[in-house]
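First up is the structure itself, then whatever we jot down about it.
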Protein chains: 2
Amino acid sequence: MPLHAPAATTAASARELIAAQGGRVTRTRVAVIEALQRSAHPLSHDELGAVLDGADIAHDRVTLYRALDWLVEQGIAQRIAGGERAWRFEIRRGDDHRHAHFHCERCGQIVCLEDVPTASAPHLPAGFELERAELVLHGACADCGRAAAKGSAR
Amino acid sequence: MPLHAPAATTAASARELIAAQGGRVTRTRVAVIEALQRSAHPLSHDELGAVLDGADIAHDRVTLYRALDWLVEQGIAQRIAGGERAWRFEIRRGDDHRHAHFHCERCGQIVCLEDVPTASAPHLPAGFELERAELVLHGACADCGRAAAKGSAR
DNA sequence: ACATCTAATGCTACAATGTTGCATCAAATC
DNA sequence: GATTTGATGCAACATTGTAGCATTAGATGT
């Protein structure tokens with residue numbers, strides 16, 4: 001189980017999450033959900049592929065994309081734009097999933113900032129409907145900030 | 001590096017902005033800056049290419065990418081992650097002008113929300129250094145919201 | 001346990017976006 | 001006008017994400 005207390009809907013096994021949406025419980029989906037639950041930060045397709053490489057499941061790029069798409073579609077996971085061109089994914093933990101993210105420009109890592117809320121009630125122009133907000137802070141993370149002079153890349 | 005020429009909305013000529021950074025004043029850079037200044041919203045490479053198509057300048061993708069990269073590097077323009085995989089660009093207007101953006105999930109358009117500030121002073125974990133914040137609100141813009149409000153939501 | 005039905009998978013091929021190397025051109029300077 | 005060097009244009013490549021389709025395997029009924 002993750003160190004981050006997985007809040008409300010937890011102990012929720014991957015199988016339960018999948019079955020609750022009427023989807024088929026496949027090895028790929030289970031492995032993806034468990035990998036995301038274990039991870040302390042959002043994962044990209046690429047990172048996820050690396051994690052799943054050790055598992056007994058196959059690692060086809062397309063299958064992974066589609067499994068992730070399905071999870072997002074069902075509201076089990078959510079996409080984060082991050083700093084680079086690639087999406088990152090994390091498991092949604094209940095309704096209070098509206099936290100900000102920190103993107104380290106040195107190591108490229110994305111960190112969840114559980115304590116930092118995204119904008120709650122910005123006043124939008126008339127006619128605009130807000131569905132969700134995404135706040136990404138850019139800078140240097142603790143590790144890279146301290147070792148700023150080293151220039152270590154990921 | 002000298003202070004940025006305070007680009008009054010449309011007054012600062014492209015030539016001045018470029019020369020202030022010690023760069024060469026080329027047709028491509030001038031055309032790109034002027035196109036961005038004229039646009040009411042951030043433009044992607046693709047959109048920019050379409051705008052520049054009519055101009056007398058050549059239309060090479062790589063040149064456009066490099067011109068944009070240079071503008072961002074010099075602090076004349078800034079990148080916005082938006083909702084899709086493509087970057088969007090807008091002219092920076094002063095150092096303290098950090099506004100949020102709205103991404104319409106229906107039409108894909110990005111709108112500047114001049115009135116909505118990005119996070120002011122989030123409290124970060126120890127060791128983290130904030131360089132800039134990016135707030136993107138997702139939903140339906142005025143045009144798309146009105147059109148879709150009647151029918152079935154997703 | 002077996003048969004069946006079809007969602008999910010795993011290919012291949014493709015599209016969109018962005019980058020690198022290098023020869024050539026042209027903006028700034030002399 | 002000649003020189004110098006940054007900027008351009010082209011080709012080739014890298015990364016990220018999609019589409020089509022035959023096959024596999026999860027769920028279900030007998």
Side-chain angles (χ1 to χ4, degrees), chain A residues 13-33 42-50 52-53 55-74 76-89 103 108 110 153-154, chain B residues 13-33 42-50 52-53 55-74 76-89 105 108 110:
Chain A
S13 72
R15 284 177 180 74
E16 289 170 338
L17 287 172
I18 297 169
Q21 301 300 325
R24 287 189 181 177
V25 179
T26 66
R27 285 185 315 230
T28 303
R29 288 180 180 168
V30 171
V32 167
I33 290 177
L43 296 175
S44 63
H45 281 110
D46 207 38
E47 293 168 329
L48 212 33
L52 268 49
D53 211 14
D56 58 342
I57 65 163
H59 39 277
D60 177 59
R61 274 174 5 99
V62 180
T63 300
L64 190 49
Y65 277 110
R66 287 197 271 229
L68 258 339
D69 285 348
W70 185 84
L71 293 178
V72 171
E73 211 171 288
Q74 303 303 320
I76 296 174
Q78 66 182 346
R79 247 184 271 262
I80 299 155
E84 275 84 40
R85 292 176 282 126
W87 294 113
R88 284 167 181 271
F89 296 83
H103 173 230
I110 298 274
R154 63 146 70 182
Chain B
S13 77
R15 284 179 178 73
E16 289 171 339
L17 287 172
I18 297 170
Q21 302 299 327
R24 286 190 182 175
V25 179
T26 66
R27 286 188 312 248
T28 302
R29 286 178 182 169
V30 171
V32 167
I33 291 177
L43 296 175
S44 64
H45 281 111
D46 208 37
E47 294 169 329
L48 212 32
L52 268 50
D53 212 13
D56 58 342
I57 65 165
H59 184 182
D60 179 58
R61 274 174 2 100
V62 180
T63 300
L64 188 50
Y65 278 110
R66 286 198 270 231
L68 257 340
D69 285 347
W70 185 85
L71 293 178
V72 171
E73 211 171 286
Q74 303 303 320
I76 296 173
Q78 66 183 346
R79 245 184 273 262
I80 298 155
E84 276 85 40
R85 286 156 296 291
W87 294 113
R88 283 166 181 273
F89 296 83
E105 313 239 323
I110 297 274

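It should be emphasised that the depicted structure is a prediction, and the values quoted were computed from it without experimental measurement. Numbers restart at 1 for each chain; the letters A, B, ... are given by sequence-line order, proteins then strands.
- Computed from coordinates, the Leu68(B) CG to dT19(C) C1' distance equals 14 Å when rounded to whole Å.
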**Fill in**
Reading nucleotides 10-21 of chain D from 5' to 3' and marking B where a protein heavy atom lies under 4.0 Å of the base, S where only the sugar-phosphate is that close, and - otherwise, the string is BB---BBBBBB-
**Fill in**
In B/S/- notation (B base, S sugar-phosphate only, - none; protein heavy atoms under 4.0 Å), nucleotides 24-30 of chain D written 5' to 3' is -BBS---
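- With sequence neighbours excluded, the residues forming a side-chain hydrogen bond (donor to acceptor under 3.5 Å, both in side chains) with Arg88(B) are Glu47(B), listed by chain and number.
- Computed from coordinates, the Gln21(A) CD to dA7(C) C1' distance equals 16 Å when rounded to whole Å.
- Between Val25(B) and Arg15(B), the shortest heavy-atom distance links the atoms CG1-CG, 3.5 Å.
- If one axis is set at each end of the helix from dA1(C)-dT30(D) to dC30(C)-dG1(D) from five pairs, those axes are 30° apart, to 10°.
- Rounded to an integer number of Å, the gap from Glu84(A) CD to dT17(C) P is 18 Å.
- Here the closest non-hydrogen pair linking Ala67(A) and Arg29(A) is CB-CG, 4.5 Å.
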**Message:** Please determine whether side-chain contact (heavy atoms from CB on, under 4.5 Å) holds for the pair Leu68(A) and His45(A), giving the CA-CA distance in whole Å, both sets of side-chain angles, and the decisive distance to 0.1 Å.
**Reply:** CA-CA 8 Å; Leu68(A) 258 339; His45(A) 281 110; 3.7 Å; yes
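- Partners of Thr26(B) by side-chain hydrogen bond (donor to acceptor under 3.5 Å, both in side chains), not counting sequence neighbours: none found.
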**Asked** Is there a side-chain contact (heavy atoms from CB on, under 4.5 Å) between Gln78(A) and Val72(A) once you walk through the steps?
**Response** CA-CA 5 Å; Gln78(A) 66 182 346; Val72(A) 171; 5.7 Å; no
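- Straight-line distance from the CD atom of Glu47(B) to the P atom of dA16(C): 15 Å, rounded to whole Å.
- Within the 4.5 Å cutoff, no side-chain heavy atoms of Leu64(B) are placed close to those of Asp60(B).
- A salt bridge (Lys or Arg N to Asp or Glu O under 4.0 Å) check over residues 63-74 of chain A, counting only residues at least two apart or in different chains, returns the pairs Asp69(A)-Arg79(A).
- Phosphate proximity of dA7(D) to Thr63(B): absent, as no side-chain N or O sits under 4.0 Å from OP1 or OP2.
- Gln21(A) pairs by the side chain to side chain contact (heavy atoms under 4.5 Å, CB included) definition with Trp70(A), Gln74(A), Ile76(A), not counting sequence neighbours.
- Within the 4.5 Å cutoff, no side-chain heavy atoms of Leu17(A) are placed close to those of Leu71(A).
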**Prompt:** Does the pair Leu43(B) and Phe89(B) meet the rule for a side-chain contact (heavy atoms from CB on, under 4.5 Å), with working shown?
**Reply:** CA-CA 5 Å; Leu43(B) 296 175; Phe89(B) 296 83; 5.8 Å; no
